[in-house]
Each structure stands twice: as structure tokens, then as C-alpha cells.
Amino acid sequence: MRLAPFPSGPLHVGNARMVILNDYYVKRYKGELILVFDDTIGSSEKIVETEAFDLIPDGLKYLGVEWHKTVYKSDRLDLFYKYAVDLIKRKEAYVCDCDAKVWRKEHKIKGIPCACRFLSVEENLARWEKMLDGTYPERAAAVRLKTGMDNPDPAMRDHVILRISETEHPRVGTKYRVWPLLEYSWGIDDHELGISHIIRGKDLVKEGKIEQHIWNIYGWQHPELLYYGRLKFQDATLSKSKSSKEVREGIYTGWEDPRTWSLQSLERRGIDPRAIRKVMLDLGLSLVDISISMKSVYSENRKLRDAEAPRVFFVEDPIWAKAEQIPSNLSVADVPVHPDFPEQGVRRIAIGITNGSAVIGLSQDDLGQMKKDTLFRLKDFANFTLEKAKPPTIKMHSKDVEEVRKINGPIIHWIPRLNSVPVELTLIDGSIAHGFGEPGIKDLASGTFVQFERVGFARLNEVGATIRAAFAHK
RNA sequence: GCCCCGGUAGUGUAGACCGGCCCAGCAUCUAGGGUUUUCGACCCUAUGACCCGGGUUCGAAUCCCGGCCGGGGCACCA
């Protein structure tokens, strides 16, 4: 089987379907997977980006995809030329010098052949040479495959299979000026590369039919063609060209910016590749267009990683409150690393008491919902009442959690002023939440997937004087 | 305009090829409840679907026809 990305940028969650489906069947039937960079010259809208040659394999490795060989379409032009000449000699193809617009209107739509279709083999071969040697400028001539002008489907009438482009190619430069189109190059390569099964999006069914036409000409065995419908995410806009532009212009921080939805960005957010794989495989292989939510990926990720995610306190944009009347024997809070696994021990958070009071950071949301005298609990520490809002002052009430449970009072997360560490948390929309994490956060390894209690899961990407983290999901 | 494909709960999927075991299974979402020193995890409960109309048949989500709705193709893009 084969993976055939166009190298315009890294793979994103949407591309993951194609990749995982192929990888799944290859592994299940112990087949062979070839990574084929579909780096023909493209068009003004579809441009080959050199960095994609590295970003795509990176994404595949992240997903745990194993491929056996890498092939570049741009290395195989001579092969496509060889078959082009052969098709012309077999009178299966011809060089058409009609204007594309005129041809579409007068010939394709009406189903009437143009004069070029009846030219002799010799004349066609002469024209072919003129395409190669530069006599024809761009767009002046193209090779058409005789799929049939009388085909009831206008989409199938004598499609162009090779055309002239003088765009410089990032890998082979200006060595070639005639480039194949996708359906032709694959018609040849699916056979030449020995592909047995093709799994691709249903936007390519017409291309599949053209491939079959070519296989029939040569009497080649048909690879199995399987198509799946369009996949949309309700809560993610996937646009490689938009991302590419925003990355280039510096509006996005790079290809790991969450707004690109690249595999790199998901890795950075601590999404387990197995979560993506599970969701993609659950979709099956139907032709139906589907629209799913990233929530399913998040749900799977939670199942996979909740158990290994240490709990940490993080307060965004904290309001520093003066906490009074704390007894000196309560100078440290012992907070479980993970509530379901007591054996993982506790986080010892020093409160920082001076003269019976300390400074504690609370979230604006929590504080905003409290009235004077509200009884609440600083989670895993002690109960307090709100004395006054400005300046924010809270007073120790009791230690036992039952006191606050009785009245069903709020239990909130918090951080001490003492030794708390600045944290920059990149959210899914690309914005950054500034806040502080509890002192112990600086002892965690970079790459750790944590749960900021009552905030959500995140991955620590840089651990230093300031912690940089990426929000994953609730 | 021409051609192709699809339509099971909010979402996704199983069942459809080989009609009965399907008054339709599962997951997720949503709403309740339980548990928990997190708005996480875990447990329980609830709501909720075979696009419509004919036909074949003892019997149709499954087969046939028509309609409706949706998607895609008709590029010298991939």
C-alpha cells in the first residue's frame, strides 16, 4: 500500500485518517507501505514546501506508522515520459495545443473531439518534442489521454495527463519542464511500485477511473481501490494553505501552533497518538461524509493518559489574597499527586506563613462567585471564609474538610505566593493564559502531561524560570 | 446542464453482501443520580434512530422501483 501526501506542509488531524487506515491494513495483513511524496509541480495554489519533506515523516513517526520505503515522484519523471511516448505511439494519447478555455467550452462540454485528436503519431511525437525542448511555452500544449469524448460523464472526457510548467521545483530545480498530473502519474506508479490496495478519499474517484483506463490499456492487474468520505471536524478548521500563510507571516508561532491542527501541534499538547488512531479507526471506511468532534479524541486521550498525569495547581491571572489566622503548625499542605493512586505520594506545598498570615493566589472566577463570609476550602489544605473583597482577605475557619462538605461549599485550587512559578499556557485558540503554578511544578520534567486541577490537561513543553505549557483539553 | 456517490439516535458506528436471532447493539454527547477534598477519573439511570412512498415476501433497516435530501466530480491542482 502507499501513503501519498502532497508536501505542502505537515500532516494534520484530517490527514491522519488516510495515514492510519493505510497503516492499519498494512500491519493487519503484514503488507508493505511506501511513502510517496506526491511532489509534482502543483499549481499556483498548491505549492511544494521543502520543510514538508521532514515534517511529514515526523508526523508519521508520532503516529507510530512504519513505512518501508520512501519515493519521490519528482525522481520518476523519465518513467512518466517513457510511458507518455508509448501512449502516443499506441494512439491512446495526443498532444493538444488548443486553448484550455476553448477546449473546455467547445469540446469537453459538447463532447466533440478537437482536431488534435486525429493527428498522426508522427505529428504527435514532434509536438511532444516541442513540449520538452521549450518550443511550446507554458499552457500552449498538453498531453491528453483518450478516455473518450463520447463518455456520458464530462469529467471523463480526454483528460490532460502531462503539461508544461516552468516553475522551479525545490528538489529537481528546472531540470524538467513537462510534469505529469496526479491521475496519470499514479496510473503508472501504482503498477510500477507494485501497489495492491489503494485507500484514499472519495474526491479521487474520477482519478481512480482514469487509472483503471490506463491499466486496461496495458492489461495490468488492477489494484484494489477503496474510498472513504470527507471528514470534517465541528470544532477545528483545517486549512493547510491558511496555516501555511499564517506560519509564514508569523501570525502563528510555527507549525506547532495549535491553530494549524498539525500532528506536531497535537503532540505538543500531549495528545496520545493512540487516541487519534482509535478515533480514526472507529470511523471505518464508509463513503459517507462525516463530521465529528475533537471531543472524541479528547475523550480517548483522557482514558489513556489520566492515570499517568500528575495533578498540579495552576491559577490563571491570580488575585493575591491575604490569608489570616493560620496556625503555625499548618505551614505545609500535603496534596496527593494523583487522587486515584495514593501510592504516588503527596506534593508538599509550603504556605509561607509570616506572623500567622500568608499570601495565596486564587482564581478570579472563584473569587467572583463568593460573597462576604462564604465558607470555602483551599483544596487539600484548610477552610476559609471571605472577609472582604478589597483588598482580598480571607480568614482561616477550620481544617476538617467535613466543615465545608456539610454546607456543600466550594473547594477550590490555589497557589502560595511563596515560590510559585510563572506559567504561560497556550490555549487551543493560540492565545496565552498567564498565571502561576505551584512551586513543585519546576521539578517536573519537560514533556510531562499534567492535569491542572479544575482547569484541564496540559503538556509541559519548557520547564525553566517560566514554564511553557500547551493546553490539551478539559 | 451532465456524471458519480451516499442517507441507522445530537455525533460516529454495528447490522445490510447471505431478508427472520433487530419492537435495532456499541461509543460519545446531553440530562439526572452515586462516589470523589478537581469542573478529571469511576459507577448507575434516562432521553434518543432505520429519509419518504410504493413493491416483492409469511416476514424488510436489510432486496426492487420511484421520490426527497445531502455530498462530490466536470482544472494544463492534489
Side-chain angles (χ1 to χ4, degrees), chain A residues 4-8 38-48 73 96 98-101 103-104 108-111 131 136 138-144 151-157 159-165 178-183 185-186 200-207 209 227 229-232 234 240 278-279 281-284 286-293 295-300 302-303 305-307 309 311-313 333 335-336 338-341 365-366 377-383 400-405 409-413 451-457 473-474:
Chain A
F6 180 72
S8 59
D38 215 343
D39 62 336
T40 50
I41 203 68
S43 66
S44 53
E45 300 97 62
K46 283 210 162 73
I47 303 160
V48 176
K73 271 278 176 63
C96 176
C98 298
D99 178 83
K101 277 187 193 141
W103 197 87
R104 197 177 309 140
K108 181 191 284 276
I109 295 175
K110 296 179 181 171
M131 284 180 72
Y136 283 124
E138 277 191 30
R139 305 187 72 87
V143 181
R144 289 186 187 278
N151 195 308
D153 182 355
M156 289 298 294
R157 289 174 192 155
H159 224 269
V160 169
I161 55 171
L162 293 126
R163 78 338 176 143
I164 300 165
S165 173
V178 174
W179 288 88
L181 262 41
L182 179 146
E183 47 274 56
S185 68
W186 277 115
R200 54 161 77 141
K202 72 173 184 185
D203 49 316
L204 259 26
V205 302
K206 177 203 74 189
E207 286 67 18
K209 285 183 188 169
Y227 301 97
R230 261 178 80 176
L231 170 63
K232 264 192 200 164
Q234 293 144 6
K240 211 169 274 184
K278 171 80 164 55
V279 169
L281 256 18
D282 278 351
L283 302 180
S286 91
L287 259 344
V288 197
D289 293 335
I290 52 181
S291 170
I292 63 164
S293 168
K295 280 181 184 170
S296 4
V297 175
Y298 301 154
S299 167
E300 292 302 331
R302 239 178 263 129
K303 280 183 200 162
R305 310 201 66 176
D306 178 59
R311 268 49 180 171
V312 177
F313 285 147
V335 187
H338 192 118
D340 300 336
F341 306 99
D365 284 351
D366 288 332
R377 181 173 180 80
L378 296 183
K379 187 172 179 288
D380 299 303
F381 180 49
N383 309 322
D400 192 349
V401 66
E402 292 306 324
E403 294 287 324
V404 73
R405 273 202 176 148
I411 297 173
I412 63 173
H413 61 296
Q451 189 207 48
F452 290 140
E453 296 200 47
R454 301 209 311 142
V455 174
F457 293 90
H473 49 76
K474 289 284 268 187

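Since the structure is predicted, the reported quantities are computational estimates derived from the model, not experimental observations. Letters go in sequence order (proteins before strands), and every chain restarts at 1.
- Residue-level contact check: A:S8 touches neither bases nor backbone, having no heavy atom under 4.0 Å from any strand.
- Per the geometry, CD1 belonging to A:I161 stands 17 Å off C1' belonging to B:A78, to the nearest Å.
- What separates CD of A:E453 from C1' of B:U36 is a distance of 12 Å, to the nearest Å.
- The residue A:D38 sits close only to the backbone: its heavy atoms come under 4.0 Å of sugar-phosphate atoms, none of a base.
- A:F457 comes within contact range of the sugar-phosphate backbone alone, with a heavy-atom separation under 4.0 Å but no base atom that close.
- Straight-line distance from the CZ atom of A:R144 to the P atom of B:C76: 6 Å, rounded to whole Å.
- Backbone-only engagement by A:L287 is indicated by non-hydrogen atom pairs under 4.0 Å involving sugar-phosphate atoms exclusively.
- A salt bridge links A:D366 with A:R454: at least one charged nitrogen is closer than 4.0 Å to a carboxylate oxygen.
- Of the candidates A:K232, A:R230, A:K202, A:K202 is the only one forming a salt bridge (charged side-chain N to carboxylate O under 4.0 Å, His left out) with A:D289.
- Judged by closest nucleotide on RNA chain B, A:S299 is the one of A:R302 and A:S299 placed further toward the 5' end.
- The pair A:R311-A:D306 counts as a salt bridge, with a side-chain nitrogen and a carboxylate oxygen less than 4.0 angstrom apart.
- When the P atom of B:U8 is taken as reference, atom CG of A:D289 falls 12 Å away, rounded to whole Å.
- If you check every strand for non-hydrogen atoms under 4.0 Å, A:E138 touches nothing.
- The residue A:D340 sits close to a base: some heavy atom pair falls under 4.0 Å.
- Using a 4.0 Å heavy-atom cutoff across all strands shown, A:R139 reaches at least one base atom of the nucleic acid.
- Within the 4.0 angstrom heavy-atom criterion, only backbone atoms of the sugar-phosphate kind lie near A:P152; the bases stay farther away.
- Residue A:R163 has a polar side-chain atom (N or O) positioned under 4.0 Å from OP1 or OP2 of B:C77.
- Residue A:G42 is classed as a sugar-phosphate contact, given heavy-atom separations below 4.0 Å to backbone atoms only.
- The residue A:S291 sits close only to the backbone: its heavy atoms come under 4.0 Å of sugar-phosphate atoms, none of a base.
- Listed pair A:R230 / B:G72 meets the phosphate criterion, a side-chain N or O lying under 4.0 Å from OP1 or OP2.
- The aromatic rings of A:Y298 and A:H473 lie parallel to each other, their planes meeting at an angle below 30°, with 60° marking the opposite boundary.
- Partner of A:V143 under the side chain to side chain contact (heavy atoms under 4.5 Å, CB included) criterion, out of A:L162, A:L181, A:V160, A:V178: A:L162 alone.
- The residue among A:V205 and A:D306 whose nearest nucleotide of RNA chain B lies closer to the 5′ end is A:V205.
- Separating the NZ atom of A:K108 from the P atom of B:C76 is a distance of 6 Å, rounded to the nearest angstrom.
- The base of B:A78 is not paired with the side chain of A:E45 by any donor and acceptor separated by under 3.5 Å.
- Among the protein residues, A:L162 comes within range of no part of the nucleic acid, since none of its heavy atoms lies under 4.0 Å from any strand.
- Proximity note for A:K206 (side chain, C-beta onward) versus B:C74, B:C76, B:U38: the nearest is B:C74.
- Ranking B:C74, B:A75, B:G12 by closeness to the A:L283 side chain, first place goes to B:G12.
- At a threshold of 4.0 angstrom between heavy atoms, the contacts of A:T40 are confined to the sugar-phosphate backbone, with no base atom among them.
- Using modelled atom types and a 3.5 Å distance limit, the side chains of A:K73 and A:S185 yield a donor-acceptor pair.
- Residue-level contact check: A:D39 touches neither bases nor backbone, having no heavy atom under 4.0 Å from any strand.
- Taking only side-chain atoms of A:P339, from C-beta outward, the nucleotide of B:A75, B:U38, B:C77 with the closest atom is B:U38.
- Between A:K209 atom NZ and B:C5 atom C1' there is a gap of 9 Å when expressed in whole angstrom units.
- With hydrogens and angles ignored, a donor-acceptor pair under 3.5 angstrom links the side chain of A:Q451 to the base of B:U38.
- Here B:G40 presents its P atom at 11 Å from CZ of A:R454, a figure rounded to the nearest Å.
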